[in-house]
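This report refers to the structure that appears directly beneath it.
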Amino acid sequence: MRTGKPTVAALAAVTGLLLTACGGGGGSTEDSKEFTAPVAENPSFEEGTTMAHLAEQGTITVGTKYDQPLFALKGLDGEMRGFDVAIAEIIAGRLGIPADRINWQETPSKDREKYIRDGTVDMVVATYTINDKRDERVDFAGPYYQAGQDLMVRADNESITGPESLRDSDAEVCSAHGSTPSERIREYVDNSRLVLFDSYSKCADALSNGQVQAVTTDDAILMGLVSESDNEFKVVGETFSEEPYGVGILEGDVDFCEFVNKSLRIAAKEGTYQQAWNATAGRVSDRTPELPELRSCS
Amino acid sequence: MQVLIANHGAYLSGIATTLWLCLYSGVLTLVVGTVIAGFRVSPLTPLRAFGTAWVTVFRNCPLVVVLFFMAFALPVLGLNASYFVFGTVGLALYTSAFVCEAIRSGINSVPAGQAEAARSIGLGFTQTLGLVILPQAVRSIIPPLGSVLIAMIKNSAIAGAFGVGGDLYMTGTRLSSAQGEAVVPVLIGVALGYLIITIPAGLLLGYVERKVAIAR
Amino acid sequence: MTEASTDSPMIRVSAVDKYFGSSHVLRNVNLEIPHGQVVVVLGPSGSGKSTLCRVINRLETVDSGSILVDGKPLPEEGRALAELRADVGMVFQQFNLFAHKSVLDNVTLGPTKVRGLSRNQARQEGMRLLERVGIADQADKYPAQLSGGQQQRAAIARALAMRPKVMLFDEPTSALDPEMVSEVLEVMAGLAAEGMTMLVVSHEMGFARRAAHRVLFMADGEIVEDTTPEGFFEAPESERARDFLSRILTH
């Protein structure tokens with residue numbers, strides 16, 4: 001074919017640009033694991049409870065995300081890191097199960113209730129917002145963290161200080177289509193300034209190359225994006241919704257629920273909760289959260 | 001059907017966004033496609049090579065790749081525009097390869113003697129194409145061109161995923177996944193919305209086809 | 001028609017070679033046609049006579065050699081070539097009238113778009129030419145509604161509307177029914193009588209005898225004989241010409 005060469009060159013140019021486009025901002029800040037949960041020695045539990053069963057078994061299966069930086073991310077070395085991971089390790093430690101005896105089970109959002117109900121996992125710690133609809137199918141201990149919708153902007157942006165500041169600006173805001181945050185933000189920006197993609201990493205790209213001025217979703221996800229951006233971005237830090245993250249367990253297991261809550265309280269009192277935060281999400285966030293007020297288990 | 005009635009505002013605005021996207025894209029793609037078709041039959045080798053490369057790239061690249069390139073590569077290269085513009089242009093460029101080939105096949109259906117006669121009386125290339133060849137080619141261009149344009153309207157759903165937002169398909173996604181409406185009725189609404197656009201478009205093309213057929 | 005061109009021939013073809021793939025269709029062709037001369041090119045099919053006609057306005061390109069029209073070399077593709085073609089009228093075997101335009105619009109297209117004549121001027125001039133070729137009453141019809149002879153006369157009018165310096169005829173009567181041949185030849189003979197420079201590729205012996213000043217006989221891409229009509233028909237020099245004539249005349 002006569003035009004073979006220019007065609008190949010053109011394709012190569014396109015491919016090159018696409019690779020450049022995708023490759024930006026991949027700098028990882030993951031370093032070695034800094035948090036170790038205390039492990040109880042020979043704890044005793046009432047016969048027949050979930051705790052007794054797990055302690056005797058000496059292992060626990062925890063459902064979590066594998067792709068949520070700062071909260072639950074499986075590294076290339078196979079090591080699990082993040083705040084959700086640390087919370088799970090704290091709970092397991094109270095059962096006398098060390099971190100290396102935990103079976104991790106990847107649990108995407110849509111499978112969380114299913115895995116709990118069919119016994120695939122013993123509990124789910126996976127940026128799991130407590131809400132009524134979910135509460136009908138599973139039970140929640142906690143919450144262990146009060147997440148909320150927030151805004152992420154470029155580190156040098158001083159004009160966007162919270163959702164209210166968006167009203168009078170012409171800033172374009174990016175979120176994931178079909179998500180709850182994308183609906184809530186419509187209170188502050190009209191349709192024409194709302195840019196929707198199928199993933200938040202695309203929003204981060206758009207923020208990086210100046211197509212949008214803010215990205216909005218749960219602060220937990222935003223902090224993860226900040227950590228991957230080499231501090232090109234920052235989280236504004238003013239949440240405008242409440243997304244309590246809970247530990248999902250089998251419906252009706254009040255004993256286990258109370259045990260998880262007790263474990264969280266002790267961790268907060270002893271300072272391991274704060275250590276867990278500082279070793280994970282705390283690295284990109286200025287604040288250290290308090291353990292939120294826990295729900296009753298009945 | 002209640003979903004349709006309750007959300008008719010969202011559907012109508014989705015139809016409007018899709019319609020505008022397709023109108024702008026349609027005009028742009030007809031212009032670009034015609035120019036590229038002209039390149040492909042040009043006597044100048046560099047223009048022919050450019051035209052062939054253009055068609056090869058855009059016809060063989062998935063639309064998502066073209067749109068991805070528009071939305072994420074151009075800003076990196078310092079070219080910022082609204083995602084609506086990126087979507088419109090991306091859709092138009094992609095479709096232009098098919099418009100070009102539809103026009104080129106029409107051009108090839110006109111006997112070579114017509115172009116020779118036109119050149120013999122001193123008409124330049126552009127005049128030959130515009131005054132003699134294309135008017136005679138239109139009749140055989142319209143049917144394949146119609147298919148290309150209707151495919152473009154349907155492809156516009158993909159542009160919605162690249163930040164255009166608020167088009168018909170994304171309206172459906174929003175209603176079903178963010179607002180928790182049942183999926184099937186929502187999608188029936190989306191399908192009806194596309195039919196509201198494509199069926200009149202098909203009728204219009206049929207009308208043009210008959211009109212062109214008579215003018216002979 | 002124009003400046004100082006009388007001392008150079010209207011057409012000069014020098015050492016032209018042309019190949020179609022591996023077949024050598026023009027072999028070292030040399031030809032000069034002075035102003036006002038009418039040349040008829042004869043030869044068996046495949047002899048290269050049509051190609052010779054088509055290279056003169058660059059509908060075909062040559063592989064080597066040069067072609068000058070009225071003293072100027074043929075330009076490359078582009079505006080200059082279009083201008084040259086406007087001065088060289090061409091009539092095709094298949095008429096090639098613009099199928100989407102009326103007969104009159106066929107004739108006025110070039111004058112308005114290339115010569116810059118007003119629409120009115122071009123129509124007046126066009127009607128005059130259509131009258132001259134005898135089809136003024138068909139002016140508003142489309143080509144498909146005309147007989148072959150009428151179409152070819154319209155095609156001649158279209159070429160004449162550009163006021164060409166020279167006319168090329170590529171087998172103008174070969175696609176016509178026999179009863180229509182004479183009406184076209186009559187128009188051509190009229191043109192010849194008025195002093196138009198003409199190169200006619202044709203098998204019409206009668207026309208060659210009656211109207212031509214000169215006859216070329218081509219075979220296998222070469223000009224084999226270059227002589228007067230009388231000379232060619234009465235005393236052809238080459239074996240191939242004699243052979244050709246005997247086959248033509250016995251029919």
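Per chain, numbering begins at 1; letters A, B, ... match sequence-line order. The basis for the numbers below is simple: all heavy atoms, side chains too, and nothing from hydrogens, waters or symmetry mates.
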| Does CD in Q145(C) sit with more than 12 non-hydrogen atoms of other residues, nucleotides or ligands closer than 6.0 Å? | yes
| said: Does atom CD (E76(C)) have a neighbourhood of more than 12 heavy atoms from anything else shown, all under 6.0 Å? | reply: no
| task | Using non-hydrogen atoms and a 4.5 Å limit, figure out which bit of R54(C) sits close to chain B: side chain, backbone, both or neither. | result | side chain
| request: Measure L168(C) against the heavy atoms of chain B and call it side chain, backbone, both or neither at under 4.5 Å. | output: neither
Donor-acceptor pair, [X] side chain versus [Y] backbone, under 3.5 Å?
X	Y	result
H100(C)	L131(B)	yes
E83(C)	G122(B)	no
Q94(C)	G113(B)	no

| Interface residue of largest heavy-atom contact number with chain B, from V88(C), L81(C), L97(C), under 4.5 Å | L97(C)
| request: Tabulate, in ascending numerical order, the residues of residues 116-127 of chain C having at least one heavy atom closer than 4.5 Å to a heavy atom of chain B, or enter 'none'. | output: none
| Going through the checks in order, is the side-chain contact (heavy atoms from CB on, under 4.5 Å) test met by I133(B) and F98(C)? | CA-CA 9 Å; I133(B) 305 302; F98(C) 305 132; over 6 Å; no
| Do I121(B) and R85(C) have side-chain heavy atoms sitting under 4.5 Å apart? | no
| field | Interface moiety of E116(B) toward chain C, non-hydrogen atoms closer than 4.5 Å | value | both
| field | Part of A118(B) within contact of chain C (heavy atom distance under 4.5 Å) | value | both
| task | Check the pair N57(C), S120(B) against side-chain contact (heavy atoms from CB on, under 4.5 Å), reporting the backbone distance first and the verdict last. | result | CA-CA 7 Å; N57(C) 70 350; S120(B) 294; 3.6 Å; yes
| field | Nearest atoms (heavy-atom pairs only) where A117(B) meets R158(C) | value | CB-NH2, 3.4 Å
| field | Derivation and outcome, side-chain contact (heavy atoms from CB on, under 4.5 Å), residues K113(C) and L123(B) | value | CA-CA 7 Å; K113(C) 299 296 176 184; L123(B) 294 179; 3.9 Å; yes
